[in-house]
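Read the numbers this way: they start at 1 and go in the same order the structure lists the ligands and their atoms.
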Amino acid sequence: MADKEISLNRGLQGVYLDRTNTTFIDGKEGVLEYSGYNIHDLAENSNFEETSYLLMYGELPNQKQLDEFDASLKNARVLPQQAYDVIDIVKDSHPMDVLRTTISTLSSFDEDRDDFSEDAIIRKGIRLTSQVPIIVMAHNRMRKGLDPIESSKTLPHAANFLYMLEGEEPSEDTAKLMDTDFVVHADHGCNASAFTTRVVTGTNADFYGSITAGIAALSGPSHGGAAEGVMELAKDVGTPENAAAHVKNLLANRERVMGFGHRVYKAADPRAKHLKDGVKKLSEEKGETAWYEILLAVQEAMTPYARRGIHANVDFFAGAVYYLIGIPQDLFVPIFAVGRIPGWTIQILEQMRHNILIRPLLQYTGERSKEYIPITKRD
Ligand code: CMC
């Protein structure tokens with residue numbers, strides 16, 4: 001086909017892949033809704049359990065439905081021994097690699113492994129929502145030679161996640177902030193990892209294969225890895241006074257300021273506000289406001305770039321939240337995955353409901369019709 005007849009969309013920018021009833025994003029206005037509910041309402045009034053139900057079933061639950069859903073999540077707070085064995089074998093790897101490998105292993109021990117029905121996918125999604133935090137925290141303990149801390153059977157999801165760090169129940173405010181972080185990370189349209197889960201599901205491969213691939217896509221710094229980069233940036237900046245010069249230097253060298261910019265949002269990322277408010281409060285509570293002040297100074301230095309649609313994204317303040325809570329830096333990306341399982345689950349289901357093989361084209365630009373020369377006659 002002639003060049004001019006091909007419309008090339010590198011990175012599939014601006015391409016609609018399918019329809020969804022789950023997440024609405026207006027990148028120009030900075031609007032995000034899950035199943036029709038604004039993220040600000042959910043971040044302020046809902047919690048991760050209710051938001052997960054909303055995503056998986058498309059409607060807010062009544063009290064009985066929420067209680068049952070919550071009980072299923074709590075009952076699923078167990079890992080097969082074989083998963084701990086796998087964690088132990090690969091425990092020296094990056095936590096995202098450990099998470100990817102362990103999730104892949106879980107398919108072998110799932111009683112619903114060969115059941116591709118909607119109910120079975122929801123059951124797998126619920127189980128994995130509860131198991132991913134255990135994998136992340138068990139690995140964090142085991143790599144230090146410590147025993148994993150057994151999940152609480154009563155704490156809410158976010159509080160239980162933090163409890164498994166060192167066996168201490170977090171304060172109400174800290175648990176609420178972690179919960180808000182999970183709510184704002186729960187789904188985000190056709191980003192790289194969700195797209196990856198859809199591509200794998202498109203081939204009729206199984207749930208665990210799709211999530212394993214999604215985890216791999218999430219691990220890169222352009223996607224989930226930015227929160228880790230933001231704390232590195234804050235440490236490099238050192239003091240608020242250095243922020244403007246540091247940012248100027250990065251931009252002059254055409255380097256990326258981590259935690260800024262987004263493929264879809266050209267207005268402020270609506271998720272960032274909730275974590276920014278949380279960092280401010282947590283910093284003040286802990287009497288450790290230096291990181292917040294550095295981040296504010298970096299944000300100030302980036303103000304001129306807002307005109308070009310480059311704003312702080314969800315990851316900009318997320319790293320400081322985790323850091324102030326005392327979570328090791330290499331767990332920042334896995335935390336993103338902890339919050340994202342409900343979103344990936346519903347996207348896999350949506351893809352399955354009217355499945356189609358996802359198979360775009362590549363425009364060939366190499367030489368053609370070359371003569372094959374036997375190896376003995378090549379220079
Ligand atoms: N710092 C400096 N310049 C930037 C940044 C940034 N963080 N982001 C975009 N730009 C500039 C970029 O240099 C380019 O300029 P020019 O047109 O002069 O070449 C322009 O903005 C467009 O950038 P792009 O890379 O073509 O835009 P994209 O849509 O492909 O990239 C992005 C989106 C998120 C990969 C990018 O903004 C980035 O690398 N940000 C830093 C990493 C980051 O924070 N990632 C987390 C994203 S939010 C979590 C999630 O939902 O995954």
Sub-4.0 Å atoms of ligand 1 with respect to non-hydrogen atoms of [X]:
| X | result |
| --- | --- |
| Asp315 | 46 (C), 49 (C) |
| Ala226 | 43 (C), 44 (O), 45 (N), 46 (C) |
| Ile310 | 4 (C), 9 (C), 10 (N), 11 (C), 21 (O) |
| Gly259 | 43 (C), 44 (O) |

Query raised in the report: Below 6.0 angstrom between ring centroids: does that apply to His262 and His188?
Result: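 Ring centres of His188 and His262 closer than 6.0 Å.
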Query raised in the report: What do you reckon, are the aromatic ring centroids of Phe260 and Phe316 less than 6.0 Å apart?
Result: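 When the ring centroids of Phe260 and Phe316 are compared, they turn out to be within the sub-6.0 Å range.
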Distance from [atom] to nearest protein heavy atom, with residue and atom:
| atom | answer |
| --- | --- |
| atom 41 (C) of ligand 1 | Phe260 O, 3.4 Å |
| atom 42 (C) of ligand 1 | Met258 CE, 3.7 Å |
| atom 47 (C) of ligand 1 | Asn313 ND2, 3.6 Å |
| atom 2 (C) of ligand 1 | Leu251 CD2, 3.5 Å |
| atom 20 (C) of ligand 1 | Arg308 NH2, 3.8 Å |
| atom 34 (C) of ligand 1 | Gly261 O, 3.8 Å |
| atom 52 (O) of ligand 1 | His223 ND1, 2.6 Å |
| atom 51 (O) of ligand 1 | His262 NE2, 3.4 Å |

Requested in this report: Could you tell me how the ring of Tyr53 sits relative to the ring of Phe69: parallel (under 30°), tilted (30 to 60°) or perpendicular (over 60°)?
Outcome: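 Perpendicular, since the angle between the ring planes exceeds 60°.
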**Report entry** Stepwise side-chain contact (heavy atoms from CB on, under 4.5 Å) test for Lys280 and Glu293
**Finding:** CA-CA 9 Å; Lys280 182 171 188 293; Glu293 283 158 18; over 6 Å; no
Between [X] and ligand 1, does any nitrogen or oxygen pair lie at a separation below 3.5 Å?
| X | answer |
| --- | --- |
| His188 | no |
| Val257 | yes |
| Glu255 | no |

Query raised in the report: Knowing that exactly one of Asp97, Asp330, Asp88 qualifies, which makes a salt bridge (charged side-chain N to carboxylate O under 4.0 Å, His left out) with Arg143?
Result: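 Per the salt bridge (charged side-chain N to carboxylate O under 4.0 Å, His left out) rule, the option paired with Arg143 is Asp330, out of Asp97, Asp330, Asp88.
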Under 4.5 Å between any side-chain heavy atoms of [X] and [Y], yes or no?
| X | Y | value |
| --- | --- | --- |
| Met137 | Phe161 | yes |
| Ile215 | Trp344 | yes |
| Tyr322 | Leu331 | no |

Query raised in the report: Considering only heavy atoms, which of Arg271, Arg263, Arg340, Met302 lies nearest to atom 28 (P) of ligand 1?
Result: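 Residue with the shortest heavy-atom distance to the ligand atom: Arg263.
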Query raised in the report: Among Gln13, Arg256, Arg254, His311, which residue places a heavy atom closest to atom 12 (C) of ligand 1?
Result: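 The option holding the nearest heavy atom is Arg256.
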Query raised in the report: Donor-acceptor pair, Gln347 side chain versus Gly189 backbone, under 3.5 Å?
Result: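 Here the side-chain-to-backbone pair exists.
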Query raised in the report: Would you say the side chains of Thr20 and Glu350 form a donor-acceptor pair under 3.5 Å?
Result: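 The criterion, which ignores hydrogens and geometry beyond distance, is satisfied for Glu350 and Thr20.
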Requested in this report: For the residue pair Asp115 and Ser117, confirm or rule out a side-chain donor-acceptor distance under 3.5 Å.
Outcome: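 Their side chains do contain a donor-acceptor pair, which is all the 3.5 Å distance test asks for.
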Query raised in the report: atom 44 (O) of ligand 1: protein heavy atom closer than 4.0 Å?
Result: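 Yes.
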